[in-house]
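Written below as structure tokens is the structure these notes are about.
Please read all numbers here as calculations on a predicted model, not as lab measurements.
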Amino acid sequence: MSRTTDQLTEDREKPQSPTTPGKGHHEHVLSPIGSELKKRTRAALKDDFLRKAVAFTTDKLRNGRLGAADVLGDWEAWRERGRAIREHTISHLDYYLGQFSDNVVKNGGNVYYCKTGDEAVSTFMDIAKSRNAKLVAKGKSMVSEEMHLNHALEDEGIEAIETDLGEYILQLAKETPSHLIIPAIHKNKQQIANLFEADSGRPFEPETKILAQYAKKKLRNYFLEADIGLTGCNFGVAETGSISLVSNEGNGRMVTTIPKVHVVVMGMERLVPNFEDLEVVLNLLARSATGQKLTAYTSILTGKKGPQDLDGPEELHVIILDNGRSGQLGDPIFQDVLNCIRCAACLNVCPVYRNVGGHTYGSVYSGPIGAVLTPLLQQDMKEAGTLAYASSLCGACYEACPVKIPLHDMLVHLRHRKVKMKLTGLPERVAFKAYETMFGNVTLFKLATKAGYYLQKPLVRNGFIKSGPPPLSGWTQSRFMPMLPKQKFRDKWAALQAELAAKAKADSQSGKAPVKADAAGAQARAEAIQQKNRKGGGSHGAN
């Protein structure tokens with residue numbers, strides 16, 4: 001076993017279990033992330049097909065999740081159990097990484113710890129070159145995207161073929177995934193047919209069965225000819241050194257059993273302690289991702305091919321990637337981001353993602369999880385930190401997350417971090433300084449709110465501000481802003497209080513019962529009306 005970064009301690013103490021309740025080149029790499037975010041957002045908002053396709057599919061996934069959660073029953077208890085498992089695992093990650101890697105080695109595999117993406121690519125290249133590999137058949141792997149592995153393979157003259165259908169479509173289009181579990185969410189059948197026509201040189205009808213049949217025949221030979229099969233890892237089981245893979249296509253089993261060499265690339269956090277915990281997170285993953293009880297294929301692989309096995313790899317290599325993950329360990333705010341099980345439920349409910357899709361984020365990981373994870377992994381608050389502003393902070397992501405990651409709170413903390421580092425623009429800093437000064441002084445606040453009514457007049461049309469100069473234009477591009485009223489609520493309240501006091505005085509002088517102007521008086525009147533109705537004195541509408 002090779003450990004290429006910090007060595008794990010050998011005298012690990014076992015923690016207590018938680019309580020039970022070419023072909024490879026992608027050109028669609030958008031950089032820099034932050035400065036181009038608004039440009040990409042504007043382009044996405046103008047793409048009507050993209051917005052309809054993303055909304056339609058995410059609606060289907062979201063409704064499927066809600067239905068599956070209802071069928072399972074006591075969903076909140078399952079969420080809490082999943083949170084406890086992930087929190088426990090991450091809190092004791094050193095132990096479970098050591099246990100997992102020891103068991104992989106006992107089962108005949110090799111383990112490599114890589115601090116950076118470049119280190120992981122170099123490790124994979126060493127494996128490929130030592131086997132004189134020319135063809136790599138890939139299962140779906142977001143970590144390989146994070147490593148930019150396909151670029152490196154192409155540069156070395158090694159052909160890498162994506163065998164997941166969505167990934168294969170995007171490979172032909174030379175684009176990156178735009179969704180964690182449905183990478184080609186933004187493509188329609190006609191666009192896919194056009195890609196297959198360009199690849200095959202013959203026309204295609206935009207029919208699902210026809211397109212799927214072509215991909216099936218085309219990919220079959222790659223499975224048979226590949227020198228290396230590469231996959232990601234949904235979860236590693238520490239107590240056995242097993243690799244679990246979930247998929248709705250059979251390609252995962254093909255790339256792990258036919259090629260002689262199987263290489264797994266996994267983030268260092270993708271572990272569970274045992275099979276009991278694996279059962280919980282797999283139930284949460286499938287239901288949260290697609291609304292299924294379980295995916296069509298759930299594979300658990302332990303070690304390389306044995307003497308009694310009919311198929312399987314003769315070599316197993318597991319590359320465990322840090323790439324900024326360890327920087328979150330021990331962080332009271334951001335450690336929980338490592339609990340993510342990559343179900344994409346947060347993407348499917350996010351009002352921002354649902355309108356602009358995944359490519360807008362300019363990162364491998366999109367949506368709310370990507371807006372938090374990307375700046376942390378890249379340690380880049382200047383550019384990637386801007387993604388924290390691509391959120392309404394509505395909290396829908398937290399409500400959907402099967403392991404209760406408070407992404408909306410993390411986004412606020414990332415914004416705070418960016419401000420503290422003085423990485424926001426000068427106009428913004430000046431504006432918020434003025435805002436602070438105004439709200440800290442009663443006199444200035446009153447003057448500003450009074451002046452606002454007069455300053456807005458050139459922009460008001462029929463009671464609304466429909467367009468305005470920057471930064472107001474960012475708001476009015478998609479909505480109208482009601483004009484500020486001439487009389488503020490505070491002023492209205494004072495006038496109403498004076499009116500009620502005058503009426504009470506007049507009633508007192510005329511002998512009438514005084515009008516109660518407080519909440520207690522209103523409650524007393526309501527109770528009197530209810531009592532009268534109970535005695536039959538009130539009128540009742542038709543049922």
Side-chain angles (χ1 to χ4, degrees), residues 2-7 23-34 93 97 101 110-129 133 136 138-158 160 162 164 167 170-171 174-178 180 183 228-234 236 243 262-271 317-329 334 337-338 340 342 358-359 361-366 369-385 387:
S2 170
R3 301 187 180 188
T4 57
T5 59
D6 298 340
Q7 302 295 307
K23 297 285 187 181
H25 187 56
H26 284 160
E27 292 184 350
H28 205 293
V29 177
L30 300 168
S31 182
I33 291 175
L93 191 57
L97 276 171
S101 58
N110 301 283
V111 178
Y112 311 83
Y113 287 93
C114 297
K115 189 72 173 175
T116 65
D118 289 342
E119 224 176 283
V121 169
S122 178
T123 299
F124 183 88
M125 288 301 179
D126 289 342
I127 297 169
K129 290 177 180 178
V136 177
K138 293 183 63 189
K140 190 173 184 300
S141 168
M142 295 303 292
V143 171
S144 72
E145 295 279 352
E146 184 184 332
M147 294 161 49
H148 304 295
L149 180 60
N150 287 13
H151 293 273
L153 290 172
E154 184 182 41
D155 292 342
E156 293 294 331
I158 300 174
E162 301 285 355
D164 174 88
E167 294 278 1
L170 295 184
Q171 189 172 35
K174 297 185 178 180
E175 295 180 7
T176 54
S178 62
L180 291 179
I228 294 176
L230 181 140
T231 68
C233 173
N234 290 99
I243 303 292
H262 177 202
V263 179
V264 179
V265 290
M266 60 179 285
M268 64 186 293
E269 80 283 15
R270 304 310 299 276
L271 295 174
H317 302 271
V318 180
I319 298 174
I320 299 176
L321 180 63
D322 181 341
N323 209 32
R325 290 163 172 79
S326 61
Q328 314 323 310
L329 295 174
F334 295 112
V337 77
L338 299 177
C340 177
R342 302 293 192 270
H359 287 157
Y361 294 80
S363 166
V364 172
Y365 303 107
S366 56
I369 184 62
V372 173
L373 194 60
T374 300
L376 294 176
L377 294 187
Q378 296 186 5
Q379 300 178 29
D380 173 22
M381 288 305 302
K382 183 177 181 181
E383 286 288 340
L387 293 176

Any chance you could measure S141, atom OG, to E146, atom CD, to the nearest 0.5 Å?
9.0 Å
Taking all non-hydrogen atoms of both residues, which atom of R325 and which atom of L338 are closest, and how far apart?
O-CD1, 3.7 Å
Nearest heavy-atom pair of N150 and A160: which atoms, and what distance?
OD1-CB, 4.2 Å
The side chain to side chain contact (heavy atoms under 4.5 Å, CB included) partner of L321 among M147, M266, E119 is M147
Quick one: pull up NZ in K115 and CG in N323 and give me the separation to the nearest 0.5 Å.
10.0 Å
So K140 and P183, do their side chains get closer than 4.5 Å, heavy atoms only?
yes
Nearest heavy-atom pair of C114 and T123: which atoms, and what distance?
SG-OG1, 3.4 Å
Consider side chain to side chain contact (heavy atoms under 4.5 Å, CB included). Of V318, T231, I228, which one does H262 pass it with?
T231
Non-hydrogen side-chain atoms of T374 and Y361 separated by less than 4.5 Å:
no
Are D118 and H148 close enough that some pair of their side-chain heavy atoms sits under 4.5 Å apart?
no
Quick one: do I369 and V337 satisfy side-chain contact (heavy atoms from CB on, under 4.5 Å)? Show the steps, please.
CA-CA 8 Å; I369 184 62; V337 77; 3.7 Å; yes
So do Y365 and L180 actually touch side chain to side chain, heavy atoms under 4.5 Å?
yes
Audit row: M142, R342, side-chain contact (heavy atoms from CB on, under 4.5 Å) steps and yes/no:
CA-CA 9 Å; M142 295 303 292; R342 302 293 192 270; 5.7 Å; no
Kindly compute the distance separating CD1 (I33) from CD (Q378), expressed to the nearest 0.5 Å.
4.5 Å
Does Q328 reach the side chain of E269, with side-chain heavy atoms less than 4.5 Å apart?
no
Between CG on residue L93 and CE on residue M268, distance to nearest 0.5 Å
4.5 Å
Shortest non-hydrogen contact between G370 and P375, atoms and distance
O-CD, 3.9 Å
Do you know which two heavy atoms are closest between L170 and P177, and how far apart they sit?
CD1-CA, 3.4 Å
Identify the two heavy atoms, one from I243 and one from G232, that lie closest to each other, and give their separation to 0.1 Å.
CG2-O, 4.4 Å
Side-chain contact test, heavy atoms from C-beta onward, threshold under 4.5 Å: evaluate it for V121 versus T116 and give yes or no.
no
CG of D164 to NZ of K138, rounded to nearest 0.5 Å, is 10.5 Å
Rounded to the nearest 0.5 Å, the CG atom of L230 sits from the CD1 atom of I319 at a distance of 7.5 Å
